[in-house]
Number of protein chains: 2
Amino acid sequence: MVKCIKCGDVDAIAKAGIVRGKQRYYCKRCDCYFSQPTHAEPEAPALHRRHQTTIMDIASALNISKSTVSRALQGHSDINANTRKAVLDMAVQLDYQPNLLALGLARSRSYTIGIIVPEFINSFFPYIIIGAQQVANPAGYHVIICQSNESLETEIANTQVLLASRVDGVIASVTGETKTLEHFSKFQKAGIPLVMFNRICEGLDVSKVLVDDHDGAYKGVTHLIQQGCRRIAHLAGPQNLQIGRERLQGYLDALRDHNLPIDEELIVYYDLSNASAQTCARRLLDLPQPPDAIFAVNDPAAIQLLLVAKSRNIRIPAELAVVGFSNEPTSALIDPALTTLAQPLDEIGKTAVQFLLQEIEQEEGPYAPMQRILKTELIIRESSLRTKARPS
Amino acid sequence: MVKCIKCGDVDAIAKAGIVRGKQRYYCKRCDCYFSQPTHAEPEAPALHRRHQTTIMDIASALNISKSTVSRALQGHSDINANTRKAVLDMAVQLDYQPNLLALGLARSRSYTIGIIVPEFINSFFPYIIIGAQQVANPAGYHVIICQSNESLETEIANTQVLLASRVDGVIASVTGETKTLEHFSKFQKAGIPLVMFNRICEGLDVSKVLVDDHDGAYKGVTHLIQQGCRRIAHLAGPQNLQIGRERLQGYLDALRDHNLPIDEELIVYYDLSNASAQTCARRLLDLPQPPDAIFAVNDPAAIQLLLVAKSRNIRIPAELAVVGFSNEPTSALIDPALTTLAQPLDEIGKTAVQFLLQEIEQEEGPYAPMQRILKTELIIRESSLRTKARPS
DNA sequence: GTAGTTTTTGTAATCGTTACCACGGTAAAA
DNA sequence: TTTTACCGTGGTAACGATTACAAAAACTAC
């Protein structure tokens, strides 16, 4: 009953094995192999379950070729005005959305940039992301946001996703765990521009956007000294991050410049988790001779510190003055309101993307990494205000 | 001086127009058109600026065909174990990353899901997003996060990007402005599953994940009544959102069930912006007969309200008790700490994606939308605790 | 009209993958 | 010994766009 697809013979047919569950035949007469055509599903009533309009749909609706449609859509000059209008109208009518996958493949450009951040629970990174989008979107790029969750493993997975998505560029802020950089240097090997912001790691020759952490820390600690504090501790961040080292150095330099002794036991390092912040806070407060002020490497740490101090009924700022870093919105709301160093968040995001776009759009030639250092602003609130002088 | 590329004749050549800046010619003898070959740039020293490894690179390195490589990489069964190993090793050696663009194009599946949220400055949506990723990533999907910024216009732009990116599905929470739904029904027309969570709009036959807003509001207001409050106001949300209506209704029902009068002037509507929250708070506090308690539709509003009350030296909760909704982390830190209704955020995200994946992976056949309503939990803190009874 | 142009439209290759089919060799079953 | 089953691999057409190039159509100017 099986007929050869060529000669139509029925007798010269022999079975020729089963491949992936499908019976195949061999016609001795024609010396050819074949299998019964896959029963092309009795034309499922044109209900392709999902089908979005393509330029081919527009083309056949108007009886023109798809290259004409393509040219009309991208506003190429050499196209008849009427044709263009017809195409544009039909595109609206059929609700055409260009297939970014196909477009990216054809142009080897995805018009997508990747953003890697450690977290976005605190509003710090969200503000930066918003700034980044404000520059990226008008320039025709959209963004993929990856959250590394302060985990190096996740961060590596993120870089792979971005690499696989063929993003045109990446801006990133590393986790507190990140010490190796191979996963980031892959971007460079693949020729994908990378800009680091805020939390950077050394050893990578890329553009960078940061705030003047040393200066900020120096200002914060100096303010504490001016408030009369003499035994100032530092709840420090991971030292693999430049941000951690710079703020520590700012703290040290401020003490030194004001002739205050440096006491190693007043410097504790935390790993960016709230639990660790609490542990470190307790360690400081449990010292035989506890500090009269603490400069925390960031606001989340300072806030945990305030909670610990409050639970011990330590009066703030009378017994303990506190300064944070970042100006999280919560810092203004907590009691007592936290003195902190504000950073120009959306400007960080904007600048990072500007650097990135510059590098993406640059034709050929080596790219000289750029760097921008933004200033912080000391916001004085209750948590550090011992003298009755009001904050101006 | 121009020679025909075929016959080599020089005399029979005529100009034949300029296409995109390039002179073309016509040979009368051969009846053929041609242009001077583009001066194939003297082979830019193989410095392709950017080139990521493809399966073709692996194939030619091993001298096998690309289909074999493809099968090896996707762990197809009918492939020789040695071949597979060789391919896998070479893939690592060449640092191969599959091109998701090409893959998505070939399979008409992007393995990407879109998430649309109004904002992610407050930690509410970030927690939901994290929950969503926890389900999506292990299932082999990655996510594109879009922020509508509480703007309908941006929301529409977001849907277009997702449509163009050919996402396999979308979970969304609408803006306070959203009243029309065409942009969302486009997903349905294109056969792209959609799940709404938290802030939904009616009129769309899709799966939904929400919390029991009515019940939550009822519990919050009942708690205020139990604390002895009798003139309870409601700082309500936009009424185009079901969430806004449900919470209002819970408030009304609680009053009614406890035989308290309903006073229209005690209900004010805000548009989800902080500025509007402050205006509404002032309006309530300026009433000739101000309320002794306020139930706010969410925590950000309650927090703004607390700020306004504090600036007027209104004692909380003695003169004014306050209850919020959402349990933002800040609510626990502010002074006085805010009584609020906690929602199982990551569960919202997880459930939404579970519904979505179910719909994506379902073969053919109509899909019956599902719905899950999660419970809230009343967290009693200082802002509402008038009686000295301690919160249990 | 017609040669000489210019404008507009069509054709086909390409991007990186997958999917389907072809086909040769060998082992097992008849 | 002759079928038939099983394996492993190669070839090629999609997928939906862009783009270089070819060709047809529409103007000019004589």
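- Listed candidates were dT11(C), dT19(D), dT9(D). Nearest to the side chain of S65(A) is dT11(C).
- In terms of position along DNA chain C, the nucleotide closest to R84(A) lies nearer the 5' end than the nucleotide closest to the other residue of the pair M56(B) and R84(A).
- Contact check of residues 92-102 of chain A against DNA chain C (heavy atom, cut-off under 4.0 Å) returns no residues at all.
- Summary of the strand contacts: T83(B) and R107(B) both lie near DNA chain D, and taking for each the nucleotide with the nearest heavy atom, the more 5' one is attributed to T83(B).
- Comparing dT18(D), dT18(C), dC21(C) against the side chain of L103(A) picks out dT18(D) as the nearest.
- Remark: N158(B) CG to H142(A) NE2 distance equals 11.0 Å, nearest 0.5 Å.
- A donor and an acceptor atom never sit less than 3.5 Å apart when one is taken from the side chain of S67(A) and the other from the base of dT18(D).
- Using a 3.5 Å distance cut-off with no hydrogens or angles, the side chains of T178(A) and E155(A) do pair a donor with an acceptor.
- With rounding to whole Å, L73(B) atom CG is found 13 Å from dA19(C) atom P.
- Under the salt bridge (charged side-chain N to carboxylate O under 4.0 Å, His left out) criterion, K350(B) pairs with D346(B), not counting sequence neighbours.
- The nearest pair of heavy atoms linking T112(A) to Y141(A) is N-CD2, 3.9 Å.
- Using modelled atom types, one finds a donor on one side chain and an acceptor on the other under 3.5 Å when comparing T68(B) with S65(B).
- Taking 4.0 Å as the cut-off between side-chain N and carboxylate O, K189(A) and D95(B) do not count as a salt-bridged pair.
- Atoms OH (Y111(A)) and P (dA17(D)) sit 16 Å apart, rounded to a whole Å.
- Nucleic acid contact for T54(A): sugar-phosphate only, since backbone atoms but no base atoms lie under 4.0 Å from a heavy atom of the residue.
- An angle of 60°, rounded to 10°, separates the two end axes of the helix from dG1(C)-dC30(D) to dA30(C)-dT1(D), each defined over five pairs.
- For the 3.5 Å distance criterion, the side chains of D57(B) and H51(B) qualify, holding a donor opposite an acceptor.
- Summarising the geometry, the separation between NE2 on H51(B) and C1' on dT14(C) is reported as 14 Å, rounded to the nearest angstrom.
- Inspection of the S70(A) and S67(A) side chains reveals no N or O donor paired with an N or O acceptor under 3.5 Å.
- Here the CE atom belonging to M90(A) is positioned 8.0 Å from the CD1 atom belonging to I58(A), to the nearest 0.5 angstrom.
- No hydrogens or angles were tested; on distance alone, nothing pairs the side chain of R166(A) with the base of dG16(C) as donor and acceptor under 3.5 Å.
- Whole-Å rounding puts the R71(B) CZ to dA19(C) C1' distance at 10 Å.
- As judged by a 4.0 angstrom heavy-atom cut-off over every strand, I55(B) is placed among the base-contacting residues.
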